[in-house]
There are 2 protein chains.
Amino acid sequence: MDTTNKKILLVEDDPNFGAVLKDYLIINDFDVTLAKNGMEGFEKFKKDNYDLCILDVMMPYKDGYTLAREIREKNKEVPIIFLTAKSMKEDVLKGYKVGADDYLNKPFDSEVLLMKIKAIIMRKASETKTDNTRFEFEIGKFHLNSKLRFLTFPGDEPIKLSPKENELLKMLALHENDLMPRELALTKIWRDDNYFTSRSMDVYIAKLRKYLKQDDEVEILNIHGEGFRLVVKGKAAE
Amino acid sequence: MDTTNKKILLVEDDPNFGAVLKDYLIINDFDVTLAKNGMEGFEKFKKDNYDLCILDVMMPYKDGYTLAREIREKNKEVPIIFLTAKSMKEDVLKGYKVGADDYLNKPFDSEVLLMKIKAIIMRKASETKTDNTRFEFEIGKFHLNSKLRFLTFPGDEPIKLSPKENELLKMLALHENDLMPRELALTKIWRDDNYFTSRSMDVYIAKLRKYLKQDDEVEILNIHGEGFRLVVKGKAAE
DNA sequence: AAAAACATTAACCAAACATTAACATCTGCT
DNA sequence: AGCAGATGTTAATGTTTGGTTAATGTTTTT
């Protein structure tokens, strides 16, 4: 997975250290927002959606734990890493109670922090991966469930789709009314782009056309030498 | 949530330290299995289902990283904590690359370890879909009690289920009307995903279908190459 | 130690799926 | 018009996966 451009909220009261760390993270392709204290941190947190929060523990007005607790009230998911100068046991325990994901004692190695950040973000990503991909589509009167691999036409029994049929129709649906380049389907679905896979794809296009024949508002057009286009009449090409 | 009786695999070659740590964890209501080296650790891992692995990095025959990699091949979910005597940066980075969830330098504070363990287990528990707290299910006209391993059809004697039958049906029920991936059942129930376990699972599917035949509103469908789907007619696919 | 319960492996068949072949048709081009 | 390459379609062939029953191991119970 790629952690590029993930949004990080960094709350750190020491302006020098904060600026340096922010720049270091930006150089490593994160999208960093810096807040100078707990108050400001919470305001910024409410205004945006972050993939990770890095909180300094020792801060004036509002310390890191208090801020973490407020953040947790709003969002029970977002990972939190604490930064602390002292490595007092009580502090560490307190941090975990508040729901920290990790803990770092200053001075820390910047590469280690980077690794922790990536590990934590990837962990979160892999947990939510099941539902972030679209798998249901409306195609004219049809309904496609690409997870269970069936295509339903109101009144009829659902049509079971083979894996290839399913992926191909899904890819067409993702480009509804627009060109779906031949090459795209071949590289993504067949993982190879040659004469035979191309012919195979044509066979599947024929199968899909047969399924979709029931609704004359829906058809798969060929764009010679380019690819295919799933058109649904009554819908603009946008 | 409660972390009581969670199963921990502890792999530590120093017998004194290992025994002490094991006892300490047992006192704190964990169910601990101790392995003396990487080999033994992997054998024990394959034989059981653990909620957490604590691995010493420095071990004869097979070091902690190698073991972690093997564990990850079998199970991409289980949390791993590394213990290491040295706090070398390279080691820490290596650990995170292998998919560690946390890192502890010896000597460490036992209370901190405990807190980390709880934090990590709770985090996993809140994510995982395999809700092992539920044990009663309504499946069409059937009632499944997966604790007592009974499947009841109104009017008939309850059918006694074998452990495998029971776990498989439970897993299907947890995904009612949705896809239950083959791989999921194999890794969770059979703890291994290969040709033979897969064939074994098919045998169990046949057995379950036989039991469920009495209610024609209930059936187990196959989704070729993906897994199975327990459908209860009259219920939407959601 | 024998029996019962459970789990795995084997063997065979059927279904599902993917690819290839063969031939018909269409498209853009000169 | 006529050609070449691309596409449409159906059928045949080949491969993988699943369904089922029975035989063989293994573990637990009696």
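The figures here come from the full heavy-atom set of this structure, side chains too, leaving out hydrogens, waters and symmetry mates. A note on names: the letters A, B, ... follow the listed sequences, proteins ahead of strands, and every chain is numbered from 1.
- As rounded to whole Å, 7 Å separates atom P of C/dA18 from atom NZ of A/K207.
- Contact of the A/Y211 side chain with the A/L151 side chain is registered, since non-hydrogen atoms from C-beta on lie closer than 4.5 Å.
- When all heavy atoms of A/C53 and A/V78 are compared, the pair lying nearest together is SG-CG2, 4.1 Å.
- Considering only side-chain N and O atoms, A/K210 lies under 4.0 angstrom from the phosphate OP1 or OP2 of D/dT10.
- Under 4.0 Å is where a charged nitrogen must lie from a carboxylate oxygen, and between B/E12 and B/K36 no such pair does.
- Of the residues in residues 192-204 of chain B, those lying under 4.0 Å from DNA chain C by heavy-atom distance are B/F196, B/R199, B/S200, B/V203, B/Y204.
- Whole-Å rounding puts the A/L186 CG to C/dA18 C1' distance at 14 Å.
- Within the model, atoms CG of A/D202 and CZ of A/F228 stand 5.0 Å from one another, a figure rounded to the nearest 0.5 Å.
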* Would you please test A/K233 and A/E219 for salt bridge (charged side-chain N to carboxylate O under 4.0 Å, His left out) and show each step? => CA-CA 9 Å; A/K233 284 161 200 161; A/E219 61 182 321; 3.2 Å; yes
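- Shown for residues 161-169 of chain A: residues whose heavy atoms fall under 4.0 angstrom of DNA chain C, namely A/S162, A/P163, A/K164.
- Atom CD1 of B/I205 is separated from atom P of C/dA15 by 19 Å (rounded to the nearest Å).
- The nearest whole Å value for the distance from the CG atom in A/L208 to the P atom in C/dA18 is 11 Å.
- Across every non-hydrogen atom of B/S146 and B/K170, the tightest pair is OG-CD, 3.7 Å.
- When the C1' atom of C/dA15 is taken as reference, atom CZ of A/R149 falls 13 Å away, rounded to whole Å.
- The distance between atom NZ of A/K213 and atom C1' of D/dG8, rounded to the nearest whole Å, is 12 Å.
- DNA chain D lies under 4.0 Å from at least one heavy atom of each of the following residues of residues 217-228 of chain B: B/N222, B/H224, B/G225, B/F228.
- Taking the charged nitrogens against the carboxylate oxygens, B/E226 and A/R149 do have a contact shorter than 4.0 Å, which makes a salt bridge.
- Rounded to the nearest 0.5 Å, atoms CG (B/D51) and NZ (B/K6) are 4.5 Å apart.
- In terms of phosphate contacts, B/W190 brings a side-chain nitrogen or oxygen within less than 4.0 Å of OP1 or OP2 of C/dT8.
- The distance from the CD atom of B/E136 to the CZ atom of B/F150 is 12.0 Å, given to the nearest 0.5 Å.
- Of the inter-residue distances, the one linking B/L169 atom CG with B/I220 atom CD1 reads 6.5 Å to the nearest 0.5 angstrom.
- Note that A/K147 lies in the cation-pi zone of A/F135, set by a 6.0 Å cut-off to the ring centre and a 45° limit from the axis.
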